[in-house]
**Q** 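Sharing a structure below in structure tokens format, with a few things to ask.
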Amino acid sequence: MANNRVLVVGGGLAGLSATMKLAELGVAVDLLSLTPVKRSHSVCAQGGINSVNDQTRQQGDNEWNHFDDTIYGGDFLQNQPPVKEMAYWAPKVIDLMDRLGVTFNRTPEGYIDRRRFGGTLYKRTAFAGATTGQQLLYALDEQVRRWEVEGLVKKYEFWDFLGPILDDNGRCVGAVAQDMVSMEIRSFAADAVVVATGGCGLIYGRSTMSVFCTGSAASRCFQAGAKYGNGEFIQVHPTAIPGADKLRLMSESARGEGGRVWVPRKPNDTRAPKQIPASERYFFLEERFPKYGNLVPRDIATREIFNICVNEGLSVDPTRMCVYLDLTHIPRHELDRKLGGILEIYEKFQGVDPREEPMKIFPAVHYSMGGLWVDYEANGEGGLLPGSPRNQSTNVPGLYAIGECDYQYHGANRLGANSLLSCIFSGLFVGPGIVNWMKSNKAAADLPKSIFERAVGEHTARHKKLLSNASGTGENPYLLHQELGDIMTRTATVVRYNNQLTEAYEKVSAMVERSQRCSLADTGNWTNQNVIFTKSLQDMIPIAQCILKGALMRDESRGAHFKPDFCMPSLQATDPTERRLEAEKWCDAFEENTSKFLKSSVCSWKGQEPDLVFEDIDTRLMKPRPRLYGLVGGEVIEEVWKQRSRSKEESAPSKPAATKQLAGSV
Amino acid sequence: MNVPTPSAPSQSGSLAGFLKKHDFIIRRLHSLSGLVPVGAYMCVHLLTNSSLNGGPAVFQNAVFAIHSIPFLPVVEWTFIFLPILFHAIVGVWIARSGQSNLRNYRFTSNKRYWAQRMTGYIAFAFIFTHVLHLHGWFHWDWWLGFVEPLGMAQFRPYNAASSLAEAMKSLGFVWPLFYLVGVLACVFHLANGIWTAGITWGVWVSPSAQKRASLACSVFGVLLGLAGLSSLAAVSRTDPATAKAIEDQMYKVRVDGHMIQPNEHKRSDGHHTGSSDPTHNGTVSANDPK
Amino acid sequence: MIAPGPEVSPSRRPSKINVRVLRQDGPGTPPYWERHQVDYEPDMNVISVLQKIAAQATTFDGKKVSPVAWDCGCLEEVCGSCTMVINGRVRQSCSALVDRLLEDNPEEIQLQPMTKFPVVRDLMIDRSRLFHSLKRVQAWVPVDSYFDMGAGPRIPREDQEQNYPLSQCMSCGCCLEACPQFNKVEVIRHAGETDEAFDARKKQAYDAEFIGPHAISQAMLFNSHPVGKNLQKERLETLTGTGGIQACGNAQNCVAVCPKEIPLTTSIARAGRAATLHTIKKLFDR
């Protein structure tokens, strides 16, 4: 691997684990990041990381169940082989992180402690206080620093990725990037480029994400020809602390450790929360979802909280919408040990001690399940073929995407504590595939210089043009961003309507041109944050278009994407026979909808707007079934559905063999 | 090196380079020397002085004991003066390596950090002057002939209390005030220094242990400070003439009893600048301008 | 819709906030104060003030200026980006709430870059030295490989509870800014100097100076890990070498300003003890 180099863009969990694995395999890595990698957004992940473990195993859990929960929680919108592989790797990932020195909480006997998270009935989640993401990131950061000292990794921090460089055959042979301090624009020749740049929360203005999660890097790949999948699936986290600059996450672990969500039964109850007796508290999640209680999947919890405030008028605060998340029944020392980090955040930013008084929380944009479309190669068991260069590869050869910015693992809704897993897993797994990819290709360093010079020239021209926009006459990029955020938050979050989406899509599409007219308050060429931000704003718009277009075209409700005009109704009938009949119809409708919409929405960029096609999903391991968390009449539907599945299996006895045949040929 | 700061590292094999390279060992020796022998000596010294509260005779007895140590100048230089000089010079270098920021960070331990350096500077000036004032630093005659007329090198071991009292009175309130400030600075510096040394060497580690140690060091400081103050008070109460009579009597008894060798250099009466005659036992003192 | 505006507090509030920012156009240029004024909103923090200043790009007397440059990331005090000196004290600007600041000084809010690091521009500083210190103490667990070798060693809960707080260090640099023994090192790039030569010169300058409390604490963290321990000797060699632990002057500002309340002075005392034993051992093992 003498003169092979890989460029990793992004230094969060995914980027760092890829870097470290590649370095171990002897590959030199250039690691490019907007911020010192130790400050990447992964630090904000609080709750934990999921895997089957010795304890849950003995309670009947296994890797398959983790896979099943992930697929079911994601409403079947994932290609199944990568998810299966991830679930089966999960225990190994945690073992590795344990060896790297992550300070996971321990049982008194010294084993890794586990908590329960949403969408599962098992305690799968390993955690380090309430700053698990930070702890995992630091362990990887330390390893990468070790490789930096060894000389295999070179970091470029405070560098902005401007776009991939493609050769004449459309292969990615490097990238152009800009030093955010000196504003120098230069090319990086690379035999593979790995994009690990996380989510796109800034498209929504305020979200739980860090300020650099603009999605612009993914957008630049998208605009260069990479496909973008399932953009409309944006996770709105049920519990966040509202703030003027940011919506701060209140981890699901608060509920995992016994936190209860409630509102006073009486609207506009002015009593202090502690004065309200238990009988007058409405624990709406527990009442409506007795099986999962406060730990229903996130999309459902979000909709319920939204609903209780907006439609039922039970918000605990008349001036702003919020519900109580109550931890006050848990002993203080227990809270400090397991949730210290997040409770401090609440205390620091709200000035109220959540150990004494219930927290006031409300949903906020949190995670993008969608992202750059990536390929995979399945093995005979329906998992992934290790070392295949196709794994995590975008449709642009040599351009890889991992972590939150790929679309692969979480379908229509991500389960809590699965994101850290998908980031580290995809980072570790991509390495061997890249090594094999490089073996079969000419080294990028040996390609003609003109390819790189041309790319640098294009980006320099874009940069200069932006600086030359006359000041004061055009759009203010910060205000334009606010406008974009407002539109997106209003129309493309918890509840979506086609008329609103259509209007929003038109407005946002008009921003493509408006954003070109941004005039800058700073036209200098030294640490010009103004121009960097404006460029990322321009690049947010194509992704915003993908989100809106996907949402518009998907006339159904699935996971985080909820359209009241297109959702599967609850059963109304009370008479058992009629109810049964209704359930039959419900199942017919479900099957019809599945055949129509159980597909990935895949966008490609056409210069001004995205072109969207629906792509089939690889459900080779598990057939879709209705997701019935808490639906009225759910038990009848389940019964009908089971009968149907059984009779189908009987009429097609050769099905297992068919699955086998499918395997390996995606 | 293009490092435009006062702390700019110099690798050029100079003294600064040497100090940087052996920084750890030098600073640990500095810390150690502050405790033993300098700190320990200071305790003995202040306690000896406070024996003056028992009257000139008690004090004189203590001084006789000290002066019975053989090769006293060698002992003084090896175990007292050189360690003090080492501690002081390295201390100044250390103090200059930092920049106090008390204005913005008014925490107790930051105040102590600042005070440790301030008292260090004061102690440096004080001890240097104090030794010159009473001891004279060197006992070569040409040197004494130079400094004694300036009011320095005034202590006479065999007329301990009386010469001390005379020396303190020579400039009105100036010397008493000087000693008051100096002694208190030294005491603070030692007490606080024990506390920081305990952290430096890793004796008290946890915050609660450090708090307990801090309390213990404070009590120690107060007691030692009281010893120092009581000595100063005792000096101011001492009448030189009365004291001298007692001392001369004690001297005579000891010489007669062959407990000490006669040594007029250590006496007020016999002390005569420029005199090189050890047997000289005259009555020059009567003409002594003091 | 999502997360509506923050609560309006009933107490008396000003309508405008005066902000004074110490600006600097680049390394080696003179710093200058600039006054800005932004509209007051309830529950603001310094980040939202700076966001408003960036959007306005106009001083309080109406002069058009370039937006103030600053660094921030997570805005919830876990990434360590947004450290600056606010009203004379170093802290994270995201958790610096305007209402509190105005209680202390209703006249104005004063923002300055950290003083112990070279200014890149305005409030942005270059903290590469801080990360370099982590290399000096080899702050990592030297595992054999990243292959699946099963779980790590079992760790008693007590050890985890000791190490977790140390592991929360987010490299923000507050401890270094407040430390009177940590001095600024600014290496100016020569004209035409290559990246490599410049980096080497910076490394040399950093290596000659105090490593800082954060790195001492990280050394203690890894020295108490069952496998991290394998580099214990090397770390103690660094801690007793040039710019090592001896530079600590026990002002204990580090622990007082640490936003994560990391027991830095406990780590320093532990390192002091380890260094004592290490040196004595070296003396007799020689």
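What you see below is based on every heavy atom in this structure, not just the backbone, and it leaves out hydrogens, waters and symmetry mates. In the text below, chain A, chain B and the rest are named by the order of the sequence lines, each starting its count at 1.
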**Q** Non-hydrogen atoms of chain C under 4.5 Å away: do they reach the side chain of B:W204, the backbone, both or neither?
**A**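 The answer is the backbone of B:W204.
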**Q** So which atom in C:T242 and which in B:K21 form the shortest heavy-atom distance, rounded to 0.1 Å?
**A**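 The answer is OG1-CA, 3.9 Å.
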**Q** Under 4.5 Å from any heavy atom of chain B, what part of C:A274 do you find: side chain, backbone, both or neither?
**A**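 For C:A274, neither part sits under 4.5 Å from chain B.
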**Q** Does atom CD (C:E158) have a neighbourhood of more than 12 heavy atoms from anything else shown, all under 6.0 Å?
**A**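 Check fails, neighbour count at 12 or below.
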**Q** Do you know which of B:I199, B:T196, B:T108 makes side chain to side chain contact (heavy atoms under 4.5 Å, CB included) with C:Q252?
**A**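 That would be B:I199.
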**Q** Using a 4.5 angstrom heavy-atom cutoff, name the option from B:W114, B:Y105, B:W201, B:W195 with the most pairs to chain C.
**A**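 Answer, by heavy-atom pair count under 4.5 Å with chain C: B:Y105.
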**Q** What distance separates C:F182 CZ from B:N101 CG, expressed to the nearest 0.5 Å?
**A**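 The CZ atom of C:F182 sits 13.0 Å away from the CG atom of B:N101.
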**Q** Between C:A247, C:G244, C:G241, which residue shows the highest count of heavy-atom pairs closer than 4.5 Å to chain B?
**A**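 Top count of heavy-atom pairs under 4.5 Å with chain B: C:A247.
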**Q** How long is the gap from CD on B:Q99 to NZ on C:K116, to the nearest 0.5 Å?
**A**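 NZ of C:K116 is found 7.0 Å from CD of B:Q99.
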**Q** Using a cut-off of 6.0 Å, state whether more than 12 heavy atoms not belonging to C:K203 lie near its atom NZ.
**A**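 Atom NZ in C:K203 is not packed in, count stays at 12 or less.
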**Q** Between atom CG of C:N250 and atom CD of B:Q210, what is the distance when rounded to the nearest 0.5 Å?
**A**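 Separation between the atoms: 8.0 Å.
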**Q** Which region of C:V90, side chain (C-beta onward) or backbone (N, CA, C, O), has a non-hydrogen atom less than 4.5 Å from a non-hydrogen atom of chain B, or is it both or neither?
**A**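 Both backbone and side chain.
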**Q** Side chain from CB out, backbone as N, CA, C, O: work out which of these in C:S267 comes under 4.5 Å of a heavy atom of chain B, or both, or neither.
**A**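 For C:S267, there is no contact with chain B at all, as no heavy atom is under 4.5 Å.
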**Q** Does B:K111 NZ have over 12 foreign heavy atoms under 6.0 Å away?
**A**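 Yes, NZ of B:K111 has more than 12 neighbouring heavy atoms, counting only those of other groups under 6.0 Å.
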**Q** Using non-hydrogen atoms only, which part of B:S100 is less than 4.5 Å away from chain C: side chain, backbone, both, or neither?
**A**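 The backbone, not the side chain.
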**Q** Given C:T276 and B:R28, is the side chain to side chain donor-acceptor pair (under 3.5 Å) satisfied, shown in steps?
**A** CA-CA 9 Å; C:T276 306; B:R28 282 295 171 96; 2.8 Å; yes
**Q** Decide yes or no for C:N253 and B:Y113: does some side-chain heavy atom of the first lie under 4.5 Å from some side-chain heavy atom of the second?
**A**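 They are not in contact (no side-chain heavy atoms under 4.5 Å apart), so the answer is no.
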**Q** Write down the atom of B:S109, the atom of C:A251, and the distance for their closest heavy-atom approach.
**A**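 So the minimum-distance heavy-atom pair works out to OG-O, 3.1 Å.
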**Q** Do C:T266 and B:P207 come close enough that some side-chain heavy atom pair is under 4.5 Å?
**A**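 Side-chain contact under 4.5 Å: yes.
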**Q** Which one, C:V85, C:T240, C:T265, C:I245, leads in non-hydrogen pairs under 4.5 Å with chain B?
**A**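 Going by pairs under 4.5 Å, I would pick C:T240.
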**Q** What parts of residues 70-93 of chain B touch chain C if we use heavy atoms and a cut-off under 4.5 Å?
**A**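 So far as heavy atoms go, nothing in residues 70-93 of chain B approaches chain C to under 4.5 Å.
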**Q** Who wins among B:G198, B:G202, B:A95 for the most heavy-atom pairs under 4.5 Å with chain C?
**A**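 Highest number of pairs under 4.5 Å: B:G202.
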**Q** Check each atom of C:L277 against the heavy atoms of chain B and say whether the ones under 4.5 Å are side chain, backbone, both or neither.
**A**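 Interface part for C:L277: neither.
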**Q** Specify which of C:C179, C:P180, C:G243 makes the most heavy-atom pairs with chain B at under 4.5 Å.
**A**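 The option with the most such pairs is C:P180.
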**Q** Can you give me the closest heavy-atom contact between C:Q181 and B:S97, atom names plus distance?
**A**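 In terms of heavy atoms, the two residues are closest at NE2-OG, 3.4 Å.
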**Q** Is it the side chain or the backbone of B:L19 that comes within 4.5 Å of chain C heavy atoms, both, or neither?
**A**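 Answer is neither: B:L19 stays 4.5 Å or more from chain C.
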